[in-house]
Structures are given as structure tokens and as C-alpha cells.
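In the text below, chain A, chain B and the rest are named by the order of the sequence lines, each starting its count at 1.
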Amino acid sequence: MAGEAHSEGGLAFHPLDQFKIHPLFGEGPIQWYTPTNVTLWMALAVLCVIGLFVLGTRGRAVIPSRVQSVAELAYGFVYKMVEDVTGHDGVKYFPYIFTVFLFILFSNFLGLIPGSFTTTSHIAVTAILGFGVFIAVTLLGFVLHGAHFLGLFWMKDAPLVLRPIIAVIELISYFVRPVSHSIRLAGNIMAGHAVMKVFAAFAPMILISTIGVVVTPVSVLAITAIYGLEVLVAFIQAYVFTILTCVYLKDALHPGH
Amino acid sequence: MATETTAAEVAGAAHEAGSAGMPQLDFSTFPNQIFWLVVTLVVIYFILTRISLPRIGAVLAERKGTMTNDLAAAEELKQKAVAAEQAYNDALARARVEAAKIVAEARAEIQKDLDKATAKADVEISAKAAESEKRIAEIRAGAIEAVTAVAKDTAKELVSALGGKADAASVNAAVAARLKG
């Protein structure tokens, strides 16, 4: 049915097909170790990291080359973020935060290549990132401060009557953190890509109907505009994820506010 | 017709997508994604911590050190420049004092020479003036004698012309008496 319609030149709406996961080689069920398009695009992200941070900095120049200065810029950007938000004792967690930042950044931008696969649009990926931060930060808080870490939920500034109520609210908001942390990233990326795909599906309207004279240019313009927005979102979401990680880390390092 | 088939196709596609569901919620792919995500994160982490971060950190530290050294060198050079300027100004002031002294000395010497020359010139002038006065006095004396002689001669001639007998001695005495008068 669908194949027939395609040969007739009908519109094809498959905005979610771009998120499908399939094995790279052959057919068959997807085992946990099967190399899939997820593997491919994550590997490309790793290659980007290597290109920028290993090949780009191999000159070790005091006066940097262009690529090296970009690498230094990214390093300085995240390093300053970690230092500003978590304070001086948070700097030793900088490599973990930088890893997460670079993974999200390169995955988001690689996902903007037409026809590519966006690993950060999958809730499984972002949930692991989000819950990884959540579990690590919670464990760190208890390891560093023991039971004092629970002071995070016990507002000493509030009136005594309100403190239990605030504690419950704080506790709920604390456990919602990883959910919002991961859904924010996946949702933003997925929604943007799906919207682009919907507009892309409207673009060939001019081939089947005269109304396409209006619809096709509007679609193309909309794709362009949303692509620009998505470029912005790709960076902002990586930034937001990273700075929230820093904020959570700060709570673990200094639970007393 | 065309719109009908399009609508049918849209409906079919929507149904297809609906039956397949969101790929994000296909739990059978989760272990695969999680496994590869963990591998990727570990690889990136090791690339960063083993190679990149120490390297960039070293470069930034080196740059900072170079800048600090350069700034210190610049500060030192600035101090030197200030010292050199000070020395220059001192030398200038000293030279100025020296020059003023030389000028004063030269002026004094010239004044002395001038005084000497003036004095000499004064002496010469007064000598010349005395000589001239003497000469004028001589000339004046000569003129009076000549006038006396002419007067006597004229008187004699007048006396003889008037028919008198010119007694030289008496004429002379008369003229002399007249001149004195």
C-alpha cells in the first residue's frame, strides 16, 4: 500500500522513522552488543572528540592554532562553569562533567546532519546520563557529609512548623531532578527533529497539487528557520545539562547552602 | 481524486506509525543503547583524562608562565628606562650648570678685555685731544701774529697813501696799542 502511494508521488509522513534503531550489518534482533546505528553515531562523536582534543591540540603551541584554540575555548568554558558553580573543590570532578558535555554537544550537532541519527533524542541515552549524574551526586553527598547531607532538605531558615512540609517538597523535587534532567534533553532534540521532518514531508506538495505553490516555499522556509533554531538548541541543551549537573554537584558538596 | 489518495496515504502512514509506536519507547533496544552509551562515555573519559586535559592544562599553564615572565621582563625594562631617563635628566642639568658657568666666565673675561681696551682708548683719545689743543693754540697764536703784521703793513701803506711819512716805529707802536685796546 505505502509503496504504491510512493510511486504515485503522495506525501509520506514518517516523522519518527529517523529515530528507529537498526543493526548496522544485516537483519535480526538487536542484542545488547549488536553494532547499530547508535554505535555508529556514538563512534562518530568519539571521533569528533579525538579530532578536536587529540589531533587539534597535538601542536601543544603556546600560540595556538585555530583548532587548538577552539579546544582551549571549550575547556575554559566548562572549567569556568564548574569552578563558578561548584566552587574550588568541585574542580576535581571537571573531567566527568566535561565528558558529559562533549558527548551531548557532539551528539546534538552530529544529529543535525541531514539523514543522521541523533543518539541524544533517545530517552534511554539521556536517562542514563541524567540518572548517572543523580546517583553519583547523591552517593557523593552521603560519602562526603554522611547524614548531614539530609540537611539539604531541612531548611533551617524556615519557621519550624513549615520545615517538615518544605522537606517533603524538597524531597520530591530532588527525585524529580533526574527525570526532568533527562526528558528535557531528549524531548527538546526529538521534538525539533520531528517538526523538521513534518515540514520536510510537506515540501514536495508542489509535485502533487497546485496548492503546493504556496505550501512548498513555506515548508522550505520553515525547515530553514527550525534548523537554525535547532543549531541553537543543540548547544543550549548541552549547556543546560552541564550547568544543571554542576548545580546538583554543588548541592552534594555544600548541602548547607 | 488526488486529494483523496493523499488523505488515505496520510491516514495509512499515521496508522503505521501508531502501530509501530515511538522508537524511543521500544524497550527491546534499551540494553543496546545503554551498553554503547557506557562504552562511548568511558572512551571519551579516557581520551580526555589520559591525553587531552593534561595537554591543554600544560599549554595553558605554560602560556600563563610565559605571560608572567614577559610581564616581569617588561616591568624590569620599564624600570631601566625610568633609570636611564633619570640619568639623562641629571646629565642634562649638570651640563646646563656647566654651560652657565662657562658663559659667566667668558662674559667676565670679555668684560675685562673690554675695560682694558676702553681705558687704553681713553688714554689715546685724551692724548690726541691734548695734541690737537696745542696745535689749535699754535695756529691761533700764528694767526694773531699774522694779523698784527698785516695790520702794521696796511697802516703803513695807508699812512703813506694819505701823504704822511710813515715812521715805521711809531706806526707799529700805534697799531700794537690799538690791537691791545
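The contact between B:Arg55 and chain A is made entirely by side chain atoms (from C-beta outward), counting heavy-atom distances below 4.5 Å. Interface residue A:Ile30: backbone and side-chain heavy atoms are both found under 4.5 Å from chain B. For B:Thr49, the part sitting under 4.5 Å from any heavy atom of chain A is the side chain, from C-beta outward, and nothing else. With a threshold of 4.5 angstrom between heavy atoms, A:Ser107 does not approach chain B through any atom at all. Contact annotation for B:Leu53: both backbone and side-chain heavy atoms come within less than 4.5 Å of a heavy atom of chain A. For a residue to count as touching a neighbouring chain, one of its non-hydrogen atoms must lie under 4.5 Å from one of that chain's; by this rule A:Ala186 does not touch chain B. Using a 4.5 Å cut-off between heavy atoms, B:Leu41 touches chain A through backbone and side chain atoms alike. Contact of A:Val125 with chain B is made through backbone and side chain together, with heavy-atom distances under 4.5 Å. Heavy atoms of A:Phe94 lying under 4.5 Å from chain B belong exclusively to its side chain.
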Stepwise side-chain contact (heavy atoms from CB on, under 4.5 Å) test for A:Met190 and B:Met22: CA-CA 11 Å; A:Met190 187 198 135; B:Met22 279 172 67; 3.3 Å; yes
Test log, rule side-chain contact (heavy atoms from CB on, under 4.5 Å), inputs B:Ile56 and A:Phe53: CA-CA 9 Å; B:Ile56 294 176; A:Phe53 286 91; 3.7 Å; yes
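Ring centers of B:Phe35 and A:Tyr33: at least 6.0 Å apart, outside the cut-off.
Looking at A:Ile123 and B:Phe30, their side chains come closer than 4.5 Å, going by heavy atoms from C-beta outward.
With B:Pro23 as the partner, the side chain to side chain contact (heavy atoms under 4.5 Å, CB included) test is satisfied by one option alone out of A:Lys20, A:His22, A:Gln18: A:Lys20.
Nearest approach of A:Phe19 to B:Gln24, heavy atoms of both residues: CG-NE2, 3.4 Å.
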